[in-house]
Colleague: 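Have a look at the structure that comes next, please.
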Amino acid sequence: MDRTVVGLFNDLPTARLAVEDLVSNGFLRDNISLVASDASGNYARFLRAPDAPVSAADSETVTTGEGAGFGAVVGAIIGALATVGALTIPGIGPVIAAGPLAATLGALGGAAVGAGAGAVTGGVTAALVNSGIPPEAADFYAEGIRQGHTLVTLHTDDVRYLDAENVLNRHMPIDVNQKATEWPSAH
């Protein structure tokens with residue numbers, strides 16, 4: 001039976017390290033997804049011109065946690081997960097998304113945009129539920145993205161599920177159950 005392993009990380013650089021660790025432990029890139037909030041538009045700007053140097057102005061708008069390695073972080077995600085794109089998710093805002101979840105979000109995102117503001121984070125929640133995440137947990141992960149965190153998912157079989165969980169746990173994901181008590185819109 002197939003299962004989905006999920007980790008929510010404080011920032012894109014940490015999520016990138018988790019993705020690289022999954023790949024180096026033999027998990028297929030095609031089964032790994034990533035969704036990161038991009039409220040500032042910096043990631044999308046870099047995706048439009050991946051070979052362009054990051055200007056001083058762009059570097060200043062990136063959060064301290066991402067620092068000067070901004071271009072390297074996004075470039076590494078592009079290298080680790082071939083399909084990376086920028087999307088706007090109703091209720092969450094701009095995100096970058098990679099992997100199978102990106103394709104699902106793209107399809108659901110278009111429908112959610114047409115549905116209007118009532119769709120809120122439904123696109124992310126629906127994509128996560130479709131991948132096997134319980135609805136309440138999916139709501140928390142969607143809220144985590146809205147709050148500026150980065151989500152990594154991996155679709156794997158039962159045999160490797162615990163291995164994948166251990167890899168993600170090495171990168172200290174957010175305890176969503178604890179953090180959700182601080183997110184008023186996640187209740």
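Nothing fancy with the numbering, it's 1 onward along the sequence. Everything numeric in this text was worked out from a predicted model, so none of it was measured.
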Colleague: Please report the interatomic distance CZ(Phe140) to CD1(Ile174), rounded to the nearest 0.5 Å.
Modeller: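 Answer for the CZ-CD1 pair, Phe140 versus Ile174, is 13.5 Å.
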
Colleague: Applying side-chain contact (heavy atoms from CB on, under 4.5 Å) between His171 and each of Asp21, Val19, Asn10, report the one that passes.
Modeller: Asp21

Colleague: Taking all heavy atoms of Ser37 and all of Gly148, pick out the closest pair and write down the distance.
Modeller: CB-CA, 3.7 Å

Colleague: Could you measure the distance from the CD1 atom of Ile32 to the CG atom of Leu22? Nearest 0.5 Å is fine.
Modeller: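 If we round to the nearest 0.5 Å, Ile32:CD1 and Leu22:CG are 4.5 Å apart.
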
Colleague: State, with a plain yes or no, whether a side-chain heavy atom of Ile96 is found less than 4.5 Å away from one of Leu12.
Modeller: yes

Colleague: Atom OH in Tyr141, atom CG in Leu8: separation rounded to 0.5 Å?
Modeller: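 Result: 7.5 Å between the selected atoms.
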
Colleague: Is Asp157 salt-bridged to Arg3, going by a charged N under 4.0 Å from an acidic O?
Modeller: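 Salt bridge: no.
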
Colleague: Using side-chain contact (heavy atoms from CB on, under 4.5 Å) as the criterion, point out the one residue from Ile133, Thr156, Asn130 that pairs with Thr4.
Modeller: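 Single pass found, and it is Ile133.
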
Colleague: Could you check whether any side-chain heavy atom of Leu34 comes within less than 4.5 Å of a side-chain heavy atom of Thr150, counting everything from C-beta outward?
Modeller: yes

Colleague: When rounded to the nearest 0.5 angstrom, what distance separates CG in Leu154 from CG in Leu28?
Modeller: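 If we round to the nearest 0.5 Å, Leu154:CG and Leu28:CG are 8.5 Å apart.
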
Colleague: Minimum heavy-atom separation for Ile92 and Ala142, please, with both atom names.
Modeller: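 Closest approach of Ile92 to Ala142: CD1-O, 3.7 Å.
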
Colleague: Examine Leu168 and Leu162 and state if one hydrophobic cluster contains both, with Ile, Leu, Val, Met, Phe, Trp and Tyr joined whenever side-chain heavy atoms are less than 4.5 Å apart.
Modeller: yes

Colleague: Hydrophobic cluster membership, with links at side-chain heavy-atom distances under 4.5 Å among I/L/V/M/F/W/Y: are Leu17 and Val35 in one?
Modeller: no

Colleague: Under 4.0 Å between a side-chain nitrogen and a carboxylate oxygen: does that hold for Arg160 and Asp163?
Modeller: yes

Colleague: With Ser33 as reference, evaluate Val152, Leu151, Leu101 under the side-chain contact (heavy atoms from CB on, under 4.5 Å) test and give the passing residue.
Modeller: Leu101

Colleague: Tell me the closest heavy-atom pair linking Ala18 and Phe9, and the distance in Å.
Modeller: CB-CZ, 3.8 Å

Colleague: Applying side-chain contact (heavy atoms from CB on, under 4.5 Å) to Arg16 and Asp11, what does each step give before you reach the verdict?
Modeller: CA-CA 9 Å; Arg16 174 191 60 95; Asp11 53 40; over 6 Å; no

Colleague: Decide whether Val129 and Val124 are clustered together by the hydrophobic rule: side chain heavy atoms of Ile, Leu, Val, Met, Phe, Trp, Tyr closer than 4.5 Å, transitively.
Modeller: no

Colleague: What are the two closest non-hydrogen atoms of Thr125 and Pro135, and how far apart are they?
Modeller: CG2-O, 4.3 Å

Colleague: Would you say Lys179 and Gln147 make side-chain contact, with heavy atoms under 4.5 Å?
Modeller: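 They are not in side-chain contact.
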
